[in-house]
Amino acid sequence: IGVSPIAATAMTGFSLAADSSNTFSTSTQIKGKAYAADYAPPTPSKMTTAISDMETAYTDAAGRPISDNSNLNVKSGLISGMTFEPGVYKWDSDVMFSADIYIKGS
């Protein structure tokens with residue numbers, strides 16, 4: 001999990017504990033690490049790269065045609081427990097999940 005360009009204090013409810021290097025935090029509520037733009041280098045530049053990569057991926061995905069009509073409005077956006085095969089999925093509504101979802105690919 002990460003936030004940028006805002007500070008780590010924006011991540012509320014996670015009881016973050018900074019690592020001694022101050023490049024990331026951990027929490028019992030997170031599997032893995034938490035990152036923020038105000039952590040020690042090289043974290044800020046890595047966060048900037050991650051945001052740029054995310055924007056590029058979103059723009060690419062948003063411009064792709066739907067790969068199969070069965071991937072349109074899957075389960076009316078209530079996708080808890082689903083496994084998603086490779087492809088483009090689109091919804092005309094909000095997408096919500098209250099349990100794990102799985103992304104399958106090679």
So, Tyr89 versus Phe84, ring centres under 6.0 angstrom or not?
-> yes

Mind listing the closest non-hydrogen atom pair of [X] and [Y] along with its distance?
X      : Y     : answer
Ser80  : Ala99 : OG-N, 3.4 Å
Ala7   : Ala36 : C-CB, 4.1 Å
Gly105 : Pro86 : CA-CG, 4.1 Å

By ring-ring contact (aromatic ring centres under 6.0 Å, His included), which residues pair with Phe97, not counting sequence neighbours?
-> none

Any ring pair (Phe, Tyr, Trp, His ring centres under 6.0 Å) pairs touching residues 24-73, not counting sequence neighbours?
-> none

To the nearest 0.5 Å, tell me how far [X] [atom1] sits from [Y] [atom2].
X     : Y     : atom1 : atom2 : value
Asp92 : Leu72 : CG    : CG    : 5.5 Å
Ile6  : Asp38 : CD1   : CG    : 9.5 Å
Ser25 : Met11 : OG    : CE    : 6.0 Å
Ile1  : Gln29 : CD1   : CD    : 10.5 Å

Salt bridge (charged side-chain N to carboxylate O under 4.0 Å, His left out) filter on Lys104, not counting sequence neighbours, yields Glu85

Return the set of residues passing salt bridge (charged side-chain N to carboxylate O under 4.0 Å, His left out) with Asp100 (not counting sequence neighbours), or none when no residue passes.
-> none

Check whether any side-chain N or O of Asn71 sits under 3.5 Å from a backbone N or O of Lys90 as a donor-acceptor pair, and report yes or no.
-> no

All N/O donor-acceptor pairs, side-chain side in residues 12-21, below 3.5 Å, sequence neighbours left out:
residue, atom, partner, partner atom, Å
Asp19, OD2, Ser21, N, 2.9
Asp19, OD2, Ser21, OG, 2.5
Ser21, OG, Thr23, N, 3.3
Ser21, OG, Thr23, OG1, 2.8

4.5 Å side-chain heavy-atom contact, Ile79 and Met96 = no

Show which side-chain atoms of residues 47-57 pair as donor or acceptor with protein atoms under 3.5 Å away, not counting sequence neighbours.
residue, atom, partner, partner atom, Å
Thr48, OG1, Pro44, O, 3.1
Thr49, OG1, Ser45, O, 3.1
Thr56, OG1, Ser52, O, 3.0

Same cluster for Val95 and Val88 if Ile/Leu/Val/Met/Phe/Trp/Tyr side chains link at under 4.5 Å?
-> no

